[in-house]
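Take a look at the structure set out below.
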Protein chains: 2
Amino acid sequence: MTVAARRGRSPEGRAEVRRDLVAAAVELFLVRGYEDTTVDDIAAAAGVGRRTFFRYFRSKEDAISPDHEAALARIAEVFETAHPTEPTATLVLRAGETVFDIYADDPRLSVERYRLTHEVPVLRDRESASVDHYRRLFTRYLRRRFASDPDGDLRAAVIGAAVVAAHNLALRAWLGAGAPEDGMEACRGRFRRVAGMLPGEPAGGDGLHAVTQRLEQAVVRLERNTPPAP
Amino acid sequence: MTVAARRGRSPEGRAEVRRDLVAAAVELFLVRGYEDTTVDDIAAAAGVGRRTFFRYFRSKEDAISPDHEAALARIAEVFETAHPTEPTATLVLRAGETVFDIYADDPRLSVERYRLTHEVPVLRDRESASVDHYRRLFTRYLRRRFASDPDGDLRAAVIGAAVVAAHNLALRAWLGAGAPEDGMEACRGRFRRVAGMLPGEPAGGDGLHAVTQRLEQAVVRLERNTPPAP
DNA sequence: TTGTCCAGTGGCACGCAGTGCCGTTACGCT
DNA sequence: AGCGTAACGGCACTGCGTGCCACTGGACAA
């Protein structure tokens with residue numbers, strides 16, 4: 001196919017082919033079903049050869065969530081560039097919000113992807129694995145932060161899992177409602193409420209830790225625009 | 001193969017073939033590597049035809065974790081048969097411990113499975129999906145319990161994810177150490193510590209809720225054999 | 001302009017996972 | 001003894017994913 005060859009010549013052309021393939025895949029998966037759509041179908045719909053599809057995506061499933069690793073890298077960057085004195089609560093909140101930005105970038109596509117990953121078992125399991133990559137990332141950085149805490153590993157595991165779970169709850173509620181533009185703030189707010197549920201200072205914690213915890217709580221309360229508990 | 005046919009005739013024969021297939025699969029995966037082992041190899045090593053393998057397992061990966069659904073069912077039973085007044089903390093702890101029992105049933109096999117799911121990317125992702133099934137199960141029952149709480153969904157998501165994460169942390173530490181028989185109690189104890197990190201009563205909680213919370217804390221403290229915080 | 005390089009493409013063939021189908025076998029039941 | 005049936009093995013087929021190779025058309029130098 002000459003057209004595809006010319007498109008793929010330049011970097012913009014490559015991005016265009018990639019978009020076409022994603023669009024064709026999502027379209028066909030929704031209309032015809034995931035199992036009943038072959039890679040040949042997707043490639044043909046995008047006007048490229050079957051072999052070219054696998055030059056853009058590692059697998060058939062990859063056409064649905066192709067930017068997973070980029071998102072992971074962005075979150076890792078948030079953690080790595082964070083100031084050491086930044087409270088843990090605000091840090092994990094910031095990291096989580098990064099993902100919101102990515103999804104909000106193309107709401108229509110996000111909703112379609114959500115529906116597919118929600119309904120097709122294979123894609124749902126793959127999504128679970130992706131989410132677990134986020135969880136591991138969170139936990140890894142938290143464990144580093146809690147190195148001095150005797151229960152640090154446990155706290156890191158619990159907080160990491162809790163944050164990711166809350167994030168998914170908020171995100172999926174938003175996506176399930178069709179990703180309305182005016183619903184993004186509610187989504188972010190819902191996610192931030194997780195900070196109030198994170199475990200407090202460890203049993204053998206020192207004074208500094210306690211102060212940090214109170215600071216975190218105060219910051220979170222400010223962000224939620226809610227008065228302190230009576 | 002006449003031998004296999006005769007073995008498979010009776011229920012005990014079926015169980016035997018199944019065990020042989022699992023053993024052959026684990027053995028070959030560890031020795032030759034997962035990717036370099038074909039289903040033909042596994043079937044041949046177990047003395048059955050390739051077609052028969054797929055009558056016992058849905059897929060090649062299934063030979064590693066074939067009892068996943070049974071475990072899910074056992075946990076669901078714990079939740080369904082629980083008394084409504086049982087504190088949430090003890091309930092999720094009991095449910096989690098059920099899984100320990102399953103793994104402790106055949107420690108050698110559990111360790112080999114752990115190594116494989118730890119090292120082979122495909123199997124690790126599949127394991128993530130399995131763990132997420134547990135998380136969903138926990139969350140589903142917790143959400144029912146927290147129906148009266150305005151933040152019930154969030155609390156259910158957070159507690160469910162936290163409990164499962166803590167469970168995995170304890171379990172994998174035990175498996176990583178070679179699943180020593182005298183290490184199971186430490187594993188269970190480590191898991192139980194998660195109860196101390198679970199979010200307390202909701203902001204708008206009522207008195208009953210507060211009392212329940214204190215009860216839960218007391219029970220957990222008793223189980224951990226540790227005195228109340230000074 | 002002409003020749004050379006090369007990144008990207010499409011086609012072909014292959015291995016392997018998973019499935020439907022069918023003939024065969026051996027056990028249980030009457 | 002004869003029959004029903006459950007489990008088996010083999011065969012053929014679809015589809016995913018990969019290695020290989022020839023081709024194409026743009027970029028660049030002479």
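Note on naming: letters A, B, ... go to the chains in the order of the sequence lines (proteins, then strands), and numbering restarts at 1 for each one. Values in this document were obtained by computation on a predicted structure and should not be read as measured data.
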Report task. With the side chain of Arg50(A) defined as its heavy atoms from C-beta on, choose the nearest nucleotide among dT9(C), dG10(C), dG17(D). Result -> dG17(D)
Report task. Look at Asp125(A) together with Arg126(B) and state whether they make a salt bridge at an N to O cut-off of under 4.0 Å. Result -> no
Query - Listed nucleotide nearest any side-chain atom of Tyr56(B), set dA7(D), dT19(C), dG17(D) - result: dA7(D)
Query raised in the report: Closest heavy-atom contact between Ala104(A) and Met184(A)?
Result: CB-CE, 3.9 Å
Query - Ion pair Glu69(B)/Arg58(B), N-O distance below 4.0 Å - result: yes
Query raised in the report: For Leu28(B) and dC16(C), what is the distance between atoms CG and P respectively, to the nearest whole Å?
Result: 14 Å
Query raised in the report: Can we say Asp132(A) and Arg124(B) salt-bridge, meaning some charged N sits less than 4.0 Å from an Asp/Glu carboxylate O?
Result: no
Query raised in the report: Taking DNA chain C as the partner, which of residues 35-43 of chain B come within under 4.0 angstrom of it by heavy atom?
Result: Thr37(B), Thr38(B), Val39(B)
Query raised in the report: To the nearest angstrom, how far is Arg14(A) atom CZ from dA7(C) atom P?
Result: 12 Å
Requested in this report: Return the nearest nucleotide to the side chain of Arg51(A); candidates are dG11(C), dG18(C), dG10(D).
Outcome: dG11(C)
Query raised in the report: Can you check the Asp62(A) CG to dT18(D) P distance for me, whole Å?
Result: 10 Å
Query - Nearest-nucleotide 5' precedence on DNA chain C, Glu61(B) against Phe53(A) - result: Phe53(A)
Query raised in the report: Excluding sequence neighbours, so at least two apart, what forms ring-ring contact (aromatic ring centres under 6.0 Å, His included) with Tyr103(B)?
Result: none
Query raised in the report: Of the nucleotides dG18(C), dC20(D), dC22(C), which one has an atom closest to the side chain of Arg55(A)?
Result: dC20(D)
Query raised in the report: In whole Å, what is the span from the CG atom of Leu21(B) to the P atom of dA7(D)?
Result: 15 Å
Report task. May I ask you to decide if the ring planes of His167(A) and Phe191(A) are parallel, tilted or perpendicular, using 30° and 60° as cut-offs? Result -> perpendicular
Query raised in the report: Of all the choices, dT18(D), dG10(C), dC22(C), which nucleotide is nearest to the side chain of Phe54(A) once you look at every atom?
Result: dT18(D)
